[in-house]
Each structure stands twice: as C-alpha cells, then as structure tokens.
Amino acid sequence: MKIKAYKYKIEVVTPVAILSGEKIQRFEIVKDGNRTFVLDFERMIRNEQGFVDILIKNPLLFQNPEEILNIFRRFNINYKNYIKYEINDYMRKNYEINEFIKSNGKPYIPGSSIKGAMRTNIIRGSKFCGNYIREVNSAIKNNNYRINSSKIEKNFLGDSYKSPFKFLRVSDTNLLEKKFLRVKPIEIYNLKTKRKVMNILYSEVLPEKTVLHGEINLGFYDYLLDFPFKDEYMNLDILEDFILKLKSGVEKYINDEISIMKENHEKGLLDFYRSLQSYKLKENQVLLPLGFSTGFYSKTLVGKLRREHVIYLKKVLGRRAIKYDPSLFPKTRRIINDGGAMKPLGWILMTITEK
C-alpha cells in the first residue's frame with residue numbers, strides 16, 4: 001500500500017523568523033569597529049578566571065558592553081577565540097536579539113510551523129471557513145460573549161483524534177549552517193499615524209533567497225476514503241486537492257490585506273501585496289506567510305474584521321481591549337525596512353511535488 005508523499009521546496013521571499021524563545025543578551029554582543037560578534041560567554045567563563053573575578057566584583061559591567069571590550073584588552077583576552085558567529089548586519093547599539101530555532105546549533109524550520117501555516121490557509125480556503133464565520137457572527141448577534149473558537153472548530157473538524165489534519169504530516173526542513181542567518185531590525189508600524197511605535201526588535205532571520213527542503217505525506221488518507229470507518233473522522237474531504245485550498249486561503253488573506261492598505265492609504269505595503277499577486281505561480285506552488293510577526297490575520301480564520309467584530313472583542317476583553325479601534329484592528333504591522341521599502345515578515349514560496 002503506497003502512502004501519498006510529496007517533496008517540498010521553500011524559497012524565502014521576505015525574512016523568516018522562527019524563534020526558539022531564547023535571547024542573545026546584550027553583554028554577549030561585542031562591537032569592535034565596524035564589526036559585530038556574538039560571543040560564547042559560557043566557554044569564556046570556564047577558561048578565563050581573571051575575567052570571572054572582575055565580573056563577580058562588578059556585575060554592572062554586563063550592562064556596558066564597551067567596558068567589557070576594554071577589560072578584554074586589559075587582561076589580554078583574545079575574544080576572537082570565543083566568537084560564536086559574526087553579525088553581518090549593522091546594529092546602532094547593542095540590543096537583545098531573538099534567537100532563531102536551531103538543532104545542534106544549526107537553524108531549520110520545524111514541520112509543525114509549516115503545518116500550522118498550511119492548516120490555517122487550507123481551512124480558510126475551504127467551505128469550513130464560511131461555516132466558522134457564520135457561527136462567530138451568530139454568537140455576536142445573540143450577544144453570546146462566551147464564544148469558544150476551539151469549540152466551533154471542533155464541531156466541524158473534531159478533536160485531535162478525529163481531525164483530518166492528523167493525516168497531514170510535514171517534516172522539518174534540512175539543517176542549515178549558522179552562516180545563513182542574518183540579524184534584522186523588526187519595526188512595529190502604525191497604519192494610522194504612519195510612524196514606528198515602540199523600540200525596534202532585533203531577531204535572527206533566514207534572509208531572502210534562502211532555500212530549504214523537506215517532505216509531506218498524507219499517511220493512508222487516500223485509502224481511508226474507501227473504507228467504512230472513514231465516518232469516524234470529520235470532514236475528511238478538506239484535504240482533497242489541499243494545494244488548491246491552500247492557494248485559495250492565501251489569496252483571501254492577501255486580498256484582505258490589500259483592502260486594508262487601500263483604506264488606510266498605505267502605499268508601501270499595498271505595493272508589496274500587489275507584488276505577491278503578480279507572481280506567476282505554477283499549479284504546485286503557493287505563497288505562504290510563516291513564523292514570527294506575520295500578523296493577526298495570518299493566523300485567524302475570520303478574515304478582515306468588521307466594526308461589530310471589534311466591538312464584540314472589546315466587550316469580551318474589557319479593559320485589556322480599551323485601546324482597540326473599531327475602525328481599524330489591528331492598527332499595527334511588524335515590518336522589515338529594506339532600503340526604504342516596507343515588507344512584512346515571513347513570506348515564502350513553497351513548491352510541492354508528488355514523489
């Protein structure tokens with residue numbers, strides 16, 4: 001019995017960040033002239049007792065990377081022996097850096113992250129999405145402020161044991177060398193004020209044109225369709241022609257973002273999303289938003305929220321949503337500024353080929 005299997009190829013369109021939850025601390029970053037390095041402080045502490053003694057007596061030195069560089073010189077410590085890697089991008093000053101997920105020190109994209117992005121857009125591109133939105137709108141109309149989105153989804157797709165998505169298996173990508181990573185500033189941009197809000201976040205990312213590979217299989221999905229016990233699973237047909245549904249779901253998301261950018265006269269991001277629409281995709285290719293800071297709408301099924309949806313959220317969340325604006329939600333986007341051109345994070349081109 002042959003399992004339906006596919007190979008996938010990922011080409012990064014805009015920088016992708018899949019974060020480990022760890023941070024590179026400011027004191028681990030050394031700027032020497034125009035070059036910036038991340039150091040292996042654990043190894044340095046094991047090998048340089050004099051440096052350890054100074055830090056124990058003066059813990060505030062950790063807050064002053066420039067002074068640490070002076071201490072290296074004073075104790076004749078060659079910090080270059082402890083370099084993890086060089087940051088190939090300009091940093092105005094030392095910031096914490098969000099770390100990309102790694103295995104044995106090598107970056108990769110987990111299959112779970114890819115599957116999550118695929119799952120959202122397959123559902124968005126299927127008949128289920130319309131059912132989901134009708135349930136949400138019904139709850140709002142009936143002033144039901146205890147709506148449970150997980151329960152609504154379970155009604156259509158079942159729990160984890162009966163969900164058709166248990167058959168969608170996506171492997172991790174291949175491991176890359178650390179040199180492929182770049183460090184990029186991520187800006188939080190307000191669509192209304194046309195200004196950055198909050199401080200810049202720095203993150204390790206996989207840059208444009210990075211290529212990765214992996215595999216997808218649907219297990220015994222095709223064979224299950226011909227067996228009587230297929231009824232134990234809910235809406236199995238959602239995985240039929242899954243690439244078409246995936247493409248349709250992403251198209252809806254792109255159209256929603258274009259609509260929002262038009263309404264807010266945001267030409268920079270509007271040009272970007274129109275450029276996505278201009279891609280000449282083959283039947284087995286799809287654009288997909290993936291990873292950290294891709295935005296609220298990339299991860300929700302409802303699509304562009306109407307005014308009544310946001311008012312509903314404000315009532316449900318109370319004081320936590322006091323700043324929510326019913327005329328525009330959410331009003332910020334996280335972006336990369338690429339030579340003056342604004343780009344959202346996490347867009348990939350995925351080519352899926354049957355094995």
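Keep in mind that this is a model prediction, so the values were computed, not measured.
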State, yes or no, whether a side-chain contact exists between Pro15 and Asp338 at a heavy-atom distance under 4.5 Å. no
Is Glu257 salt-bridged to Arg333, going by a charged N under 4.0 Å from an acidic O? yes
Check this for me: Lys166, atom NZ, are more than 12 non-hydrogen atoms of other residues, nucleotides or ligands nearer than 6.0 Å? yes
For residues His213 and Lys7, determine if any side-chain heavy atom of one lies less than 4.5 Å from a side-chain heavy atom of the other. no
Which pair of non-hydrogen atoms, one from Val38 and one from Ile24, has the smallest distance, and what is that distance? CG1-CG2, 3.9 Å
Between the main-chain N or O of Tyr189 and the side-chain N or O of Thr332, is there a donor-acceptor pair closer than 3.5 Å? no
Does atom CG of Asn78 have more than 12 heavy-atom neighbours, drawn from other residues, nucleotides or ligands, at distances under 6.0 Å? yes
Within-4.5 Å side-chain heavy-atom neighbours: Leu191 and Met261: yes
Check for a donor-acceptor pair, side chain of Lys184 on one end and backbone N or O of Ser203 on the other, with a separation under 3.5 Å. no
In this structure, CD of Glu263 is separated from CG of Leu328 (nearest 0.5 Å) by 8.5 Å
Which atom pair, heavy atoms only, marks the closest approach of Glu86 to Ile83? N-CG2, 4.3 Å
Give me the atom names and distance for the closest heavy-atom approach of Arg124 to Tyr253. NH1-CB, 3.6 Å
How about Thr120 and Lys299: does a side-chain donor come under 3.5 Å of a side-chain acceptor? no
Would you indicate whether the side-chain heavy atoms of Leu269 and Ile335 approach each other to under 4.5 Å? yes
Is Ile238 reachable from Val170 through a run of hydrophobic residues whose side-chain heavy atoms are each under 4.5 Å from the next? yes
Which atoms form the tightest heavy-atom contact between Leu181 and Lys102, and what is the distance? CD1-CE, 3.7 Å
For Lys23 and Asn98, does a side-chain donor sit closer than 3.5 Å to a side-chain acceptor? yes
Please evaluate residues Arg73 and Asp32 with respect to the criterion salt bridge (Lys or Arg N to Asp or Glu O under 4.0 Å), reporting the C-alpha separation (whole Å), side-chain torsions for both, the decisive distance (0.1 Å), and the verdict. CA-CA 12 Å; Arg73 294 174 180 138; Asp32 195 351; 3.7 Å; yes
How far does OH of Tyr8 sit from CD1 of Ile216, to the nearest 0.5 angstrom? 7.0 Å
Any donor-acceptor N or O pair under 3.5 Å, side chains Gln49, Asp53: yes
Looking at Lys282, Lys9, Gln285, which one forms a side-chain hydrogen bond (donor to acceptor under 3.5 Å, both in side chains) with Thr351? Gln285
Distance (rounded to the nearest 0.5 Å) between Ser163 OG and Leu236 CG: 9.0 Å
Looking only at the side chains, is there a donor atom on one of Glu48 and Tyr82 sitting less than 3.5 Å from an acceptor on the other? yes
Side chain to side chain contact (heavy atoms under 4.5 Å, CB included) with Leu206: which of Thr173, Ile18, Leu176? Leu176
According to a hydrophobic-cluster definition based on side-chain heavy atoms being under 4.5 Å apart (Ile, Leu, Val, Met, Phe, Trp, Tyr only), do Val205 and Ile348 belong together? no
From CA spacing to verdict: salt bridge (Lys or Arg N to Asp or Glu O under 4.0 Å), Asp241, Lys245: CA-CA 7 Å; Asp241 299 319; Lys245 292 184 175 76; 5.5 Å; no
Counting only heavy atoms not in Lys80, do more than 12 sit closer than 6.0 Å to its NZ atom? no
Tyr79 and Phe72 aromatic ring geometry - parallel, tilted or perpendicular at 30°/60° bounds: parallel
Side chain to side chain, Arg119 and Ile123, heavy atoms closer than 4.5 Å: yes
Given 3.5 Å as the limit, does a donor-acceptor pair link the side chain of Thr14 with the main chain of Pro344, or not? yes
Is there a path from Tyr279 to Leu244 through hydrophobic residues (I, L, V, M, F, W, Y) whose side chains come within less than 4.5 Å of each other? no
Let me see the working for Leu349 and Leu281 under side chain to side chain contact (heavy atoms under 4.5 Å, CB included), right down to the final yes or no. CA-CA 9 Å; Leu349 173 63; Leu281 297 175; 3.5 Å; yes
Glu208 and Ile336: side chain to side chain contact (heavy atoms under 4.5 Å, CB included), yes or no, with the steps? CA-CA 12 Å; Glu208 294 93 333; Ile336 295 283; 5.8 Å; no
Say whether Val197 and Leu201 are linked into one hydrophobic cluster, either directly or through other cluster members, by side-chain heavy-atom distances under 4.5 angstrom. no
N/O donor to acceptor pairs below 3.5 angstrom from side-chain atoms of residues 106-115, sequence neighbours left out:
residue: Lys106; atom: NZ; partner: Glu177; partner atom: OE2; Å: 3.2
residue: Lys115; atom: NZ; partner: Phe165; partner atom: O; Å: 2.7
residue: Lys115; atom: NZ; partner: Leu168; partner atom: O; Å: 2.9

Is the backbone of Phe272 close enough, under 3.5 Å, to the side chain of Lys343 for a donor and an acceptor to pair up by distance? no
Lys31 side-chain N/O to Ile29 backbone N/O, donor-acceptor pair under 3.5 Å: no
So how far is it from Lys4 NZ to Leu239 CG, rounded to the nearest 0.5 Å? 10.5 Å
Can Ile352 be reached from Trp347 by stepping across I, L, V, M, F, W or Y side chains whose heavy atoms are under 4.5 Å apart? yes
Beyond-backbone contact of Phe100 with Phe292, side-chain heavy atoms, under 4.5 angstrom: no
With rounding to the nearest 0.5 angstrom, report the OG1 to CG distance, Thr353 to Asn284. 5.0 Å
Heavy-atom side-chain contact between Glu11 and Lys209 under 4.5 Å: no
Between Leu345 and Ala17 the two heavy atoms that sit nearest each other are CD2-CB, 4.4 Å
Quick check: does any side chain N or O of Asn190 sit under 3.5 Å from a backbone N or O of Arg195, one acting as donor and the other as acceptor? no
Between atom CD1 of Ile10 and atom CG of Asn174, what is the distance when rounded to the nearest 0.5 Å? 9.0 Å
Charged N-O contact under 4.0 Å between Asp256 and Lys252: no
Would you name the heavy atoms of Gly291 and Thr294 that are closest together and state the gap between them? O-OG1, 3.3 Å
For a 4.5 angstrom cut-off between non-hydrogen side-chain atoms, does Gln277 reach Ile254? yes
